[in-house]
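Heads up: the structure comes next, in structure tokens.
Indexing begins at 1, ligand by ligand and atom by atom, following the structure's order. Source: prediction; values computed, not measured.
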Amino acid sequence: MSDELDSYRAKHYNSDDPIVRLLEEKIESLTKELEKLRQDLNWYKGELEKLLAPPYIEAIVLDILPDGKVIVRSSSGPNLIVNVSSNVDVKKLKPGSLVALTQRGSTIVEVLPEREDVYVKSFEVIEKPNVHYSDIGGLNEQINEIREVIELPLKNPELFKEIGIDPPKGVLLYGPPGTGKTLLAKAVATESNATFIQVVASEFAQKFVGEGARIVREVFELARRKAPSIVFIDEIDAIGAKRVDMGTSGEREIQRTLMQLLAEIDGFKPLDNVKIIAATNRLDILDPALLRPGRFDRLIEVPLPNFEGRKEIFRIYLQKMKTDGDIRYDILASMTEGFSGAEIKNVCTEAGYIAIRNGRKYVNMTDLITAIEKIKAKNNKAKNSDRTEKYV
Ligand SMILES: Nc1ncnc2c1ncn2[C@@H]1O[C@H](COP(=O)(O)OP(=O)(O)OP(=O)(O)O)[C@@H](O)[C@H]1O
């Protein structure tokens, strides 16, 4: 049939015939459309395959056995001995590699890219913090105490060994927000030449559901690698509050994270050269397990600054600014009773803005007093709206 058609065409083909031309154009456009539809079809097929494919299980390689099998710890729990799919380059596998396992958990099908970044982002690592004790106002007693329990053992561990006492593994700083707890921890890291690793405990459970315990483990592994180091855990009450019931999975997750933290602290060796500083605004709600001997048995209160403290903090910030040279520190301190260090810093910054708005390049007492009034008014407003919320 097709031969007949070809010979008919050969006999009657006339490319000048408008009908033939029209038909040829039509064929060309239909061929293009067909090609496009084929591409679409392939794309949909691919998507469908992805949607129907079972999910993979993430696992960490623990060891590679001589027979080519691999021991992994799966994210869903147990350690497994698995095969490696032939399209995976076995040379790329090493203990610690992240891999994807088939649903039934029997074969490694892919080596996943290093994901430490995701975790590292959740904790800040400062190799060389640049905060000094002289940047902190009104906390001399606290500085002395933290030097004795953190700086001295980090710098001279042998001193403790010789005498035969175990230096504390860490301290707990407690007090109202903005009083300089983070600043103190950073300063002790600077002055002890230690790496500063900061984690915010509330993020353990919130950001990485189901992974809090793993992050705790990774933080301490990193701390040991970067020793001497200080692990600073801010808002420790987010994982360390005493709990009565553990009904929800979220609560159990927090509990697991806390258990891992306690296990890490208990596992510290004095020579690891890792110290831990935790901070909280809520000492009253902490689980007593955290405060047991050998854990956070050193508590340092970081209170709101007193009159002298406030003067010192004003001095620290105003010395870095341009002023008219006529600053009355006692007046500033007496006007700011109840202010935290953070609020005093805000007063100084605000006074700077006021000076700029007034076309000046230096700050004077009037700017500072205006700034104090402004921050007081803001605090009162916040307090009132708090109260209203409670009664609504
Ligand atoms: N005693 C202080 N001396 C100098 N600056 C201070 C002092 N207290 C707080 N500040 C300043 O206030 C800001 C907040 O302080 P910091 O983060 O150390 O407080 P914190 O006690 O850790 O607060 P939070 O409990 O809210 O985490 C910092 O920028 C710090 O510079």
Less than 4.0 Å between a side-chain N and a carboxylate O, is that true for K378 and E343?
no

Hydrophobic side-chain clustering at under 4.5 Å (ILVMFWY, transitive links): who's grouped with W43? Put none if nobody.
Y44

Of all pairs that satisfy salt bridge (charged side-chain N to carboxylate O under 4.0 Å, His left out), the ones with a partner from residues 313-324, not counting sequence neighbours
none

Non-hydrogen side-chain atoms of N140 and Y133 separated by less than 4.5 Å:
no

Near ligand 1, which protein residues have a heavy atom under 4.0 Å away?
D135, I136, G137, L139, P177, G178, T179, G180, K181, T182, L183, D234, N281, I313, Y317, G341, A342, K345

Output yes when R21 and E28 qualify as a salt bridge under the 4.0 Å nitrogen-oxygen rule, no when they do not.
no

Could you list the residues that satisfy ring-ring contact (aromatic ring centres under 6.0 Å, His included) with F296, not counting sequence neighbours?
none

